[in-house]
Trainee: 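Before we start, here is the structure in question, set down as structure tokens.
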Amino acid sequence: MPAIVIIGAQWGDEGKGKATDLLGSRIDYVVKFNGGNNAGHTVVIGDQKYALHLLPSGILTDGVTPVIGNGVVIDVEVLFHELEALTARGVDVSKLRISANAHVITHYHRTLDKVTERFLGKKQIGTTGRGIGPTYADKINRVGIRIQDLFDEGILRQKVEAALDQKNHLLVKVYNRRAISADEIVESLLSYTERLRPMVGDTALELHEALEAGKTVLFEGGQATMLDVDHGTYPFVTSSNATAGGASTGSGIGPGRIDRVIGIVKAYTTRVGAGPFPTELFDEWGEFLRSNGFEFGTTTGRPRRTGWYDAPIARYSARINGVTDFVMTKLDVLTGLAEIPVCVAYDVDGVRVDEVPVSQSDFHHAVPIYETFPGWNEDISGAREFSDLPKNAQDYVLAIEAMSGARISAIGVGPGREAIVSRYDLID
Ligand code: GDP
Ligand code: IMO
Ligand code: MG
């Protein structure tokens, strides 16, 4: 079972980092294929808590080769900062491989991200401000800087100058900011070249060879299905393909090689940033989920918006990604609720709609139709087998499974690495 993809099935922060870590000892390679340091994965191992942004979570497992694929956008300064912080804590990062084709986030991308958001005012997306959107825009516009450009000063200078030619007009004339000097950018990027050199290569070829040799490769998605630039709630999305197809384009591995797609869902729903969210709660129950689930962003510290589980979204994700297994996280957060509502369909302007509507306006108007399930009060954090869960918790999981389009193979009952109920093997 060599190629496995993990993706977020909602709006991010489902616990992808923990799920990756869970499979850690059984994989040989872990590949980040999309996004950049907009991601925030918290992984808890014993009494140690790690917050990863740019590096794949699998880097925490000894022996695993972490790979940053071509589909990722890299802020080189953040990369070295994260590597140094992990090294200081005793994590071996020496095996990291980086695609020569990955794009580079520079100072002007970060600046443009922030000024564009400010310019949008009330209509802003609520980005993480890390320069993600402008860097992908440059990639698509064919004026991006790639990691390989850092090894050729002449080319790098030409590309930075060409990119800034246009951007400085925008920064100065539209946004009233100071112009950015190409020299500064080039100098700063070149200061990383020698440290980068041994890590950079043809990762698509390396992954191909690993798969041919029977190694197990895990593709770890950042963000999530509903934040995917094609399949999410556009324009309130990130700028990459966070869905399973992105694992192929973002790493250079053919789609036919992928054996399994694991969708991570929370037992309820959260979202950071702006955009539609039908089951969002503005009352004490929303606060209950936020405080019990500690729903504050790993990257920006923003309070996450919270709401009940949305089954049409899970079904949509199952379909878009070809999910074979779900891992449901944070079931423990629901402990203590007398009743748990689950969204089973929407009412859109008086009409019942069973699936996520294709029209963005309809989705904005979608009012959840709920079915309510009885809750439980028992502490479930020590459960390891499905039969250890209280009957009502089992019934909640089974009901959700029936609505969500794929089996629920594992259930998170706490933040720790060991706090998991296993139902079906995720690698076999
Ligand atoms: P990611 O971006 O998908 O990797 O998720 P985040 O790390 O941003 O957010 C998930 C949060 O939930 C982290 O703080 C995890 O430690 C925590 N977490 C993951 N699984 C569970 C679980 O089953 N129960 C509880 N209580 N917390 C969990
Ligand atoms: P992980 O991997 C949750 C959201 C931002 C914003 C939108 C666009 O931890 O699940 P961007 O900076 O990417 O241009 O912002 O996407 N967003 C996330 N929300 N989890 C994430 O990552 C996110 N990465 C981006 O809040 O609404
Ligand atoms: Mg996160």
Side-chain angles (χ1 to χ4, degrees), residues 2-7 16 20 28-39 52-59 64-76 78-80 82-83 95-106 109 130-152 155-156 159 163 189 192-193 196-212 215 217-223 227-230 238-258 261:
I4 303 157
V5 178
I6 279 188
I7 50 94
K16 298 176 291 294
T20 300
D28 302 300
Y29 286 75
V30 63
V31 186
K32 179 172 169 112
F33 61 82
N34 76 303
N37 59 315
N38 49 346
L52 295 154
H53 297 284
L54 177 56
L55 294 165
S57 313
I59 200 163
V64 170
T65 301
V67 178
I68 296 183
N70 57 277
V72 175
V73 289
I74 302 178
D75 187 323
V76 193
V78 171
L79 171 73
F80 284 106
E82 238 174 75
L83 287 173
K95 289 188 162 174
L96 178 67
R97 304 294 302 145
I98 298 174
S99 166
N101 288 342
H103 279 247
V104 178
I105 303 178
T106 72
H109 296 114
R130 302 299 193 260
I132 306 295
T135 307
Y136 279 113
D138 276 5
K139 171 178 174 173
I140 301 303
N141 239 346
R142 295 164 295 189
V143 291
I145 311 293
R146 293 192 294 174
I147 287 287
Q148 59 180 282
D149 299 328
L150 271 57
F151 303 113
D152 185 329
I155 292 276
L156 179 65
K159 291 193 173 178
L189 291 177
Y192 298 104
T193 304
L196 270 174
R197 198 181 293 279
M199 305 173 188
V200 175
D202 184 349
T203 50
L205 177 62
E206 290 167 23
L207 290 171
H208 170 81
E209 287 171 351
L211 286 168
E212 288 291 298
K215 304 282 186 205
V217 180
L218 180 69
F219 297 88
E220 180 188 335
Q223 292 76 53
L227 289 171
D228 180 282
V229 68
D230 282 275
T238 191
S239 302
S240 68
N241 284 116
T243 42
S248 178
T249 53
S251 72
I253 288 303
R257 297 214 82 131
I258 294 166
V261 179

Trainee: Between Asp228 and Thr243, is there a donor-acceptor pair closer than 3.5 Å when you use the side chain of the first and the backbone of the second?
Mentor: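 Checked: pair present.
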Trainee: Tell me which donor-acceptor pairs under 3.5 Å the side chains of residues 244-255 have, and how far apart each pair is, sequence neighbours excluded?
Mentor:
unit_1, atom_1, unit_2, atom_2, d
Ser248, OG, Ile253, O, 2.6
Ser251, OG, Ala247, O, 2.6
Ser251, OG, Ile253, N, 3.3

Trainee: Ile98 versus Thr203: any side-chain heavy-atom pair under 4.5 Å?
Mentor: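 SC-SC contact between Ile98 and Thr203 ruled out.
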Trainee: Treating Gln223 as the side-chain partner and Ser240 as the backbone partner, does any N or O pair qualify as donor plus acceptor under 3.5 Å?
Mentor: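 No; zero donor-acceptor contacts below 3.5 Å.
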Trainee: For Ile74 and Ala102, which heavy atoms make the closest approach, and how far apart are they?
Mentor: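 The pair with the smallest heavy-atom distance is CD1-CB, 3.7 Å.
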Trainee: How long is the span from the OG1 atom in Thr135 to the CD1 atom in Ile140, to the nearest 0.5 Å?
Mentor: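 Answer for the OG1-CD1 pair, Thr135 versus Ile140, is 11.5 Å.
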Trainee: Quick check: do Lys159 and Val104 have side-chain heavy atoms less than 4.5 Å from each other?
Mentor: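 Not in contact.
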Trainee: Rounded at 0.5 Å granularity, tell me how far OG1 in Thr193 sits from CG in Leu156.
Mentor: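 Thr193 OG1 to Leu156 CG: 7.5 Å, rounded to 0.5 Å.
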Trainee: Under a 4.5 Å cut-off applied to non-hydrogen side-chain atoms, are Lys215 and Pro2 in contact?
Mentor: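 No, their side chains stay 4.5 Å or more apart.
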Trainee: Kindly give the heavy-atom pair with the smallest separation between Arg146 and Asn101, and that separation in Å.
Mentor: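 Arg146 and Asn101 have their closest heavy atoms at NH1-OD1, 3.1 Å.
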Trainee: His103 and Asp138: side-chain donor and acceptor closer than 3.5 Å?
Mentor: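 Result is no, nothing qualifies.
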Trainee: Ignoring hydrogens, what is the shortest heavy-atom contact between Val30 and Ile59? Give both atom names and the distance.
Mentor: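 Shortest heavy-atom separation between Val30 and Ile59 comes out as CG1-N, 4.2 Å.
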Trainee: Side-chain contact, heavy-atom cut-off 4.5 Å: Val217 with Val67?
Mentor: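 Answer no - side chains too far apart.
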Trainee: Which heavy atom in Leu55 sits nearest to a heavy atom in Glu82, and how many Å separate them?
Mentor: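 Leu55 and Glu82 have their closest heavy atoms at N-OE1, 3.0 Å.
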Trainee: Quick check against the 3.5 Å criterion: does Tyr29 have a side-chain atom that pairs as donor or acceptor with the backbone of Phe219?
Mentor: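 Judged by distance alone, no pair lies under 3.5 Å.
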Trainee: As an exercise, state the distance from CG of Asp230 to CG of Asn241, rounded to the nearest 0.5 Å.
Mentor: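 Reported value, rounded in 0.5 Å steps: 5.0 Å.
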Trainee: Could you tell me which non-hydrogen atom of Glu206 sits nearest to which non-hydrogen atom of Gly201, and how far apart they are?
Mentor: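 Reported closest heavy-atom pair: OE2-CA, 4.2 Å.
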Trainee: Looking only at heavy atoms, which two atoms of Ile6 and Phe33 are closest? And how far apart?
Mentor: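 Between these two residues, the closest heavy atoms are O-CE2, 4.5 Å.
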Trainee: Compare all side-chain heavy atoms of Leu150 with those of Val200 and state whether any distance is below 4.5 angstrom.
Mentor: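 Of all side-chain heavy-atom pairs linking Val200 with Leu150, none is under 4.5 Å.
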Trainee: Measure the spacing between CD1 of Ile145 and CD1 of Ile105 and express it to the nearest 0.5 Å.
Mentor: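 If we round to the nearest 0.5 Å, Ile145:CD1 and Ile105:CD1 are 12.5 Å apart.
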Trainee: Working to the nearest 0.5 Å, report the span between NZ of Lys32 and CG of Leu52.
Mentor: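 Lys32 atom NZ to Leu52 atom CG measures 9.0 Å (nearest 0.5 Å).
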Trainee: Nearest 0.5 angstrom please: Asn38 CG to Thr238 OG1, how far?
Mentor: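 So the CG of Asn38 and the OG1 of Thr238 are separated by 4.5 Å.
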Trainee: Could you pull out all residues at least two apart from Asp202 that satisfy side chain to side chain contact (heavy atoms under 4.5 Å, CB included)?
Mentor: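 Per chain and number, Asp202 pairs via side chain to side chain contact (heavy atoms under 4.5 Å, CB included) with Ala204, Leu205.
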